[in-house]
Each structure stands twice: as structure tokens, then as C-alpha cells.
Amino acid sequence: MKIITRIKMPLLLPMLSLLFMILLTFTLFMSYEYSKQATADVNTFSLAKMRHSYQNTLFTFDHIRSFGVSTYQDTAISYWLITDQRDPLSDADAFNAASRFASLQPFIHSIYLVNTKTRKIIDTSTSLQDFNTFQDQGIIRKILEERPSYISYFNHTVGNESFIGMIMPNTQSTNSGYLVILLNKDQLQKFLLQNEDTVGLQINITDKNKQLMLGESISNVELTDNYYQVPDKPFQPIAYSLGKDQRKISSAELPIEKWIMHFVVDESYLTQNIDSFKQKLAFWCIVLMILMLLLFVWSSRRTLSPFRKLSEELQNKLGLHSIQQSGADADIIRSGFTYLMDSLQDMNHSLKDYRHIAKEEFLRQWLLQGTKLEGNIRNEVSPLLACEHLYLAILRVETYKYFVDTYNYNSRKLLKYAMGNIAQEIFHEADYTCESVDMGSDHIVLLLGARDFTENRSQPDMKEFLENVGIKIEKWLQIRTSLALSSTLSIQDNLRQSYQDVYELSLLKFFNGENKIYCDADLEESFQQEQIYPDQSALNELIQAIKQNDAERSTALLDRLLVQLKHISYSECLFQLQMIVYSLYKAFNKVTTMKDSVLEEFRTDRFSSLAEAQTWIEQEIFSIMESLSQNQISGRKGELVQEIIEYVQDHLQDPLLSTDIIADHLGFSSSYLRHLFKEATGVTLADFILLQRIEQVKYLLVNTEDTLAVIASKTGFQTRSHFFSAFKKATGCTPSQYRNEFVKE
């Protein structure tokens, strides 16, 4: 062994030296190629940046010019600029139009409308002013002294602020009106020049008089002389040395007022990172080569038998037959450890408990589809499925929008998971089976089960425990909830309908504010509560006065209705106003198109006083009077209207009955049928369908013994709440009260 070592060592040093020289040469060559390619890329990027900035500048100023023409062509603005009369309404219209246009562009600081005939000026940032009192006297002098006759851009200073102005005279020969747009230089520079985005590239714009329009000025005198030299070709660079710094100046002429766009590229700054990186690359490559050579020398002096033995053991025990025997021992060992780590990771994944996720998804599908999974697996998913009866409860988060705005998605999931855990702990202590299901919106569902459920004994207990759940959630999680509980359900029942009904119960707290556990009996009871309505006699007289087109009497009756609202609370006053406006629109068949927008008007604090609201209602009354006088229809369309009526009467039981379905049946457009039916009957088609359903409900209540649920289904109502609320609004009583009253008679 010593003899072999003595023979090989003299040959090893020349081989190592040759290898070192080859690697060093390769490293220097790669550094040089990288530097050359990086410099070319920087130059290409700079040229692309220049062309992009140039095209973007052309487009932006052309767009601003077009925007100015569009602004000037506005009817209110063009009229105000040429008129020689002072009209407050015309002033207001022109100011509003100019303000609207000023808000459409981020570059616009303000818009001036200058009328030299009336010597008035409208400033969108202030208001209407006289020439003498206007704060920007410079623009007035420019207009009066120069009388510009074409669209032009110019530098303009107001106080300590500098702007780019665009002036546009009117098209008439008198040039009595001018549109002036002041552009914010800071916004234009950020958008057009973007000097801060590309370090080492400076972009400026000067006018034909070499006055700086946008960008930062060049302070160096020698550089300035080269700065204003415009090459024959756009973007043709002019090289210039400033000490050790190498710079290139490229320019291109803008058609805008013969402006010049300059690009100053500091090549030394752009390439300094390249040179630094090249040096680092060469240094670390040399270090790496030295380390590799040292490692090679060290490993050559060590025996590899332990590694070979370890690789053989890994192959035998782990069965790594894909690695050839001739492969490197290090590769075999690395593959063996990779195999062991992958196996361990797969084992950990396989041991994770996914039963909770599977259980929750199973219960969620049970609620949404109404049918549960059959077979042996159902008892393994949840012990709840072994119960004969169960309850369904809903915990709905109040002010859910605030809840969503306050917490992100993961926090909301965690909080709802905590709500379910609180409920499960409370019910498990009472020996009930409880499963919580997050439905992904504003509520979670509790499925409660026991083997010995009886309705008389268990529901009061359930209410007590559920109330305790709400108290604990509010105390520990600071979340207020609305709670609703179903009656006793069989395990074989379709839970989808029950889930929808209980969720509807959980919404009742929003209307009456009572903090309790809501059950089935509360739904109809909520519609039997006494509600506050306006003075019906005065309201009826007001409707008659409107029909008679008596404006003076209508105003007096409206005063009579609203005088009583001055001494009640704001919430009650708001309700009274909503009822009055709703009744007016309903009386004149505007409910389907105007009801939602009217109620939203009063919810958004639009009116600062009751008098202001009264003025708005008066305007709506006058609008109704005007529309009543135009309500005419020809007799030849009566046959089509009769077909619509017959179709509605034959399909009342269809909950999907709508104007679109009727239009498809008759072969007309929906908008035409709505207009035709409204003209012929004075009632909207949607209201007519609802009124026909109410009449059918009245007949079935008196002449049959069907339950309320069956009657609602026969008359096309989709939900019980809609059935109760629609009947209560139309008749003033609930369906049960109506049946009891007329059956007794």
C-alpha cells in the first residue's frame, strides 16, 4: 500500500494543478460572458423603458386633450361659456358638470370655466367667483392679454404650486369663453416618468424654450450643453463622460407644443452591481474550487469501506434495487435516507385522524340533501345516528358583516369551532349527544339527540341548555347569537326543510329584538303583534286628493299626517315615514319598481330633518299626479290582457309564476307585458299575481280544512314567512285569525 501511494502522489499534484487551471479559466470566462450579457440586457431594458415612457406620454396628453374636448362639449358647460346672462341655475349646472369631469381623472387638480362676457369664473376646487376676487389672477391675465385661439399646454404657477395647464377657447370667433385644466405635476411625474422605479435613468420633459415642464432639472453645466442636443433619430444616444461616470443622453421630440423628452442614463451606476456581482462570482468560484480540491485530497486519503458497508446494508434492508451496484456510495446512502424520510412522512400522514372532517361533511350533506347515509358506516360516523329522535338548533351570529370585517377567514372558522365546542360541552354534561356543523356562513347547526326523547319533557330542557350556550358564547367569545330550536324530529325525517324552517326562526330576533329561544310557535305569533300604522283616514284622503290632482289639498293632508311625527322617537318616525311612502306607491301601483329604493332612502340618513323628508314626499306626490294624467291605453289590447289574467288564475299554485314565464308562454317580451298590463289595469302584473293568491288563500281558509302549510303550497307561496307577511299586509290579520273570524260567522 505504501509503494502504491509513493507512485501515485507525484502524479496527483500535476493533475490537481491542471484541474485548478481549467476551473479558474472557466470561471473567468463565465464571469466575462455574464457581464457582457447583463450589460446588454440593461441597455435593452433602458431602451424599452424609454420607448414605453415616450408612448405613454403621447397617449396621456392626447387623452387629456380629448378629455378637455369632451368636457367642453357638455351642454351645461358650453352654454355657460358663451352666455352673457347671469343665471344661478346655469351656474350650478356648469359647476356640477365641471366637478363631475374633474373627478374622472386622477391627474386633474382643478378645472376653470372662464366667461369673459360676464367676467365670471368657475373653479371646481372652490366655487363661482368674479375676476377681481379670483385667487389665480395669472390665468386671468393670460386669457385677457393673450386671447389664445387654439388648444395649448403651458407652465402655470398658483402660489407655491406649479402645474401644467391646458387652455381651450370656445369655437366661436369672439373667444368669450375658455376651459382651463390644471394638471398635477406630481401625479403626472409618477405616472409618466417613473424616475424612482428605474435607478440610474432620469427622464425630463422641456418645452421648445428649454423650460422644464416635468422631471428634475440638470444642474451640471457641461452636461446641460449636451442635454438639449436633439439627435436626427429619436432615442439615438449621445455618449458623454463626466469624470469617471459614463452617461448617455437620448432625446425624442413630442408633438405636444414641440416638447422634447430627455433620457439620461448613468451607465456606471447601472453596471456597478454587475461588476460587483462578477467579482463576487469569481471570488466564490475560486473559493469553491479550493474547497473541492482540499476535500478531494482529504477523501482520497481516507478509506471508503465504512460507506460501502453502510450502502450495502441499506440496499439489503430497504431493497433499493433501482440503484446500480456500480453507483456511488454517497448516492446510495442519500437515496436510503430519502426513502426512510419519505416512508416516515407517509406513515405520519396515514396515522392522522380524518374522522372529524368526514363526520362534519357527512352531517352537512345530511342537512343540505335531507337524507342520511345508510349502511354500517353511519354508526361509526356519529353516535347521533343511533338515536330515534333529535332536535335541530341554530346559533346565528348577529351583525355578521361586522364579524366578517373584524376577523379573517381562519379566525372565523376557529371562533365558530369554539362555539360548537362550547355547545357540545354543555349538552354532553346533560347526557345529550351533540354534533356541531359549520355551514360556512353566518351560523352553525347543532344536532341534538337522545334515546328517550319525549316532546313534553325534553323541549323545555333543551331551551334551558341552549340559552346557557348563548350566554357562555357571549361571555367567553364576545359574540352575540340568535338561537332557534326545532320541535322533536324523527331520525327518518327530511332535515333539509326543518333546517330551513329553523334558520328562518333564528331571523325573528332581528325584527322584534327579544332575547329568547325561538320555536315554531313564534313564527305566526310574530305576525299577530300589534304594529303602528299612520292615520289611515288622513292617508286615504291624501290618496283621493292625489287621484283628483288636487295639489293644494294633498299638501295640507300631508302636513296633517306628518305633524304627529314631531313628538315621537326617531325609529318610530322612520317607520311611519316608510309606511306612508309605501302606502302611496302601493296605491298607485309603484311597489315593484320603487319600494326597495324608497325604504333604502330612509335607512341611509339621507334627510337631515323631517321638513326635508316632507319636501321629498311632496315632490314624489307631484310626480305621481303627473304620471296619472298620462295613463292611457287603447281598447284593442284588451284581449291580450285577458289572456294574461286567465293564465295567472290557472297557474297560481306554481311558486315560480312570474312575468318572464307568462311572457315566454304568450310570445312577448317581459317589459312589453309589464307596460301593457299596467296601462290596461292600473296594477302591476306582480301585484296582480300576489292579490290573486291572497284571494285564493281567503277562499281555501273559509271553505276547506287544509292546514296553513298546505294552503301556502296550493297558492304558490315559497316560504311560510312570505305567506304570513303577505297575508297580514293585505288583510290586516293573520291567516288563523281570518279563518276563525269567518268560520264563526
Side-chain angles (χ1 to χ4, degrees), residues 359-370 372 382 384 387 389-404 412-413 415-428 430 432-450 453 455 458-474 477 479-491 493-526 719-722 724:
K359 177 180 68 175
E360 186 173 20
E361 182 60 26
F362 168 81
L363 296 175
R364 185 182 295 110
Q365 293 303 320
W366 186 14
L367 291 170
L368 294 177
Q369 299 180 11
K372 59 183 175 59
S382 172
L384 182 71
C387 302
H389 299 87
L390 55 85
Y391 279 96
L392 192 150
I394 284 183
L395 281 67
R396 189 177 66 84
V397 178
E398 296 182 9
T399 60
Y400 188 66
K401 185 179 184 304
Y402 171 79
F403 182 72
V404 172
R412 295 197 301 271
K413 292 287 290 183
L415 286 172
K416 287 194 280 187
Y417 180 75
M419 291 168 59
N421 283 347
I422 292 173
Q424 289 178 354
E425 182 178 354
I426 292 175
F427 281 102
H428 286 168
Y432 289 104
T433 301
C434 177
E435 299 286 2
S436 66
V437 185
D438 181 4
M439 302 305 293
S441 58
D442 63 346
H443 64 283
I444 64 172
V445 179
L446 300 180
L447 293 172
L448 310 170
F453 265 156
E455 186 172 0
S458 298
Q459 192 172 36
D461 296 339
M462 285 293 180
K463 287 184 177 180
E464 179 181 352
F465 297 139
L466 194 59
E467 183 178 2
N468 190 23
V469 170
I471 294 173
K472 297 298 185 184
I473 290 175
E474 183 175 359
L477 304 180
I479 298 175
R480 294 181 60 86
T481 56
S482 299
L483 308 175
L485 181 66
S486 70
S487 57
T488 305
L489 303 173
S490 172
I491 197 68
D493 289 344
N494 189 317
L495 291 190
R496 179 178 180 180
Q497 186 61 45
S498 300
Y499 162 58
Q500 294 175 349
D501 292 342
V502 179
Y503 180 75
E504 192 174 338
L505 288 173
S506 68
L507 298 174
L508 293 180
K509 186 178 179 181
F510 176 80
F511 298 100
N512 55 36
E514 187 176 356
N515 191 16
K516 68 173 187 177
I517 309 300
Y518 290 89
C519 300
D520 290 341
D522 296 316
L523 184 62
E524 183 172 349
E525 181 181 336
S526 64
T719 63
R720 290 188 295 172
S721 61
H722 183 211
F724 283 118

If you measure from [atom1] on [X] to [atom2] on [Y], what distance do you get to the nearest 0.5 Å?
{"X": "Leu392", "Y": "Leu446", "atom1": "CG", "atom2": "CG", "value": "8.5 Å"}
{"X": "Ser482", "Y": "Leu395", "atom1": "OG", "atom2": "CG", "value": "9.5 Å"}
{"X": "Leu495", "Y": "Trp366", "atom1": "CG", "atom2": "CH2", "value": "5.0 Å"}
{"X": "Thr481", "Y": "Leu466", "atom1": "OG1", "atom2": "CG", "value": "8.0 Å"}
{"X": "Tyr391", "Y": "Thr488", "atom1": "OH", "atom2": "OG1", "value": "3.0 Å"}
{"X": "Ile426", "Y": "Glu464", "atom1": "CD1", "atom2": "CD", "value": "11.0 Å"}

Which pair of heavy atoms, one from Lys463 and one from Cys519, lies closest together, and at what distance?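 Heavy atoms of Lys463 and Cys519 come nearest at CE-SG, 3.0 Å.
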
For Leu489 against Ser498, the heavy-atom pair lying closest together: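 Smallest interatomic distance, heavy atoms only, reads CD2-OG, 3.7 Å.
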
Evaluate Ser436 against Gln424 for side-chain contact (heavy atoms from CB on, under 4.5 Å), listing each step before the verdict. CA-CA 7 Å; Ser436 66; Gln424 289 178 354; 3.4 Å; yes

Who pairs with [X] by side chain to side chain contact (heavy atoms under 4.5 Å, CB included), at least two apart in sequence or on another chain?
{"X": "Asp438", "value": "Glu360, Lys413, Lys416, Ile444"}
{"X": "Gln500", "value": "Arg496, Gln497"}
{"X": "Ile471", "value": "Glu467"}
{"X": "Ala430", "value": "Tyr432, Phe465"}

Side chain proximity check, Val404 to Arg412, heavy atoms < 4.5 angstrom: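 Yes. Closest side-chain heavy atoms under 4.5 Å.
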
Among Val445, Asp442, Leu485, exactly one meets side-chain contact (heavy atoms from CB on, under 4.5 Å) together with Ile394. Which residue is that?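 Result for side-chain contact (heavy atoms from CB on, under 4.5 Å) with Ile394: Val445.
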
Please step through side-chain contact (heavy atoms from CB on, under 4.5 Å) for the pair Tyr503 and Met439, ending with a clear verdict. CA-CA 11 Å; Tyr503 180 75; Met439 302 305 293; over 6 Å; no

How would you list, by chain and number, every residue that makes a salt bridge (Lys or Arg N to Asp or Glu O under 4.0 Å) with Glu425, sequence neighbours excluded?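 Glu425: no salt bridge (Lys or Arg N to Asp or Glu O under 4.0 Å) contacts found.
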
Walk me through it: do Leu483 and Val469 pass the test side-chain contact (heavy atoms from CB on, under 4.5 Å)? CA-CA 9 Å; Leu483 308 175; Val469 170; 5.7 Å; no

Under the rule for side-chain hydrogen bond (donor to acceptor under 3.5 Å, both in side chains), what residues qualify as partners of Thr719, not counting sequence neighbours?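 Counting only residues at least two positions away or on another chain, Thr719 forms a side-chain hydrogen bond (donor to acceptor under 3.5 Å, both in side chains) with Ser721.
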
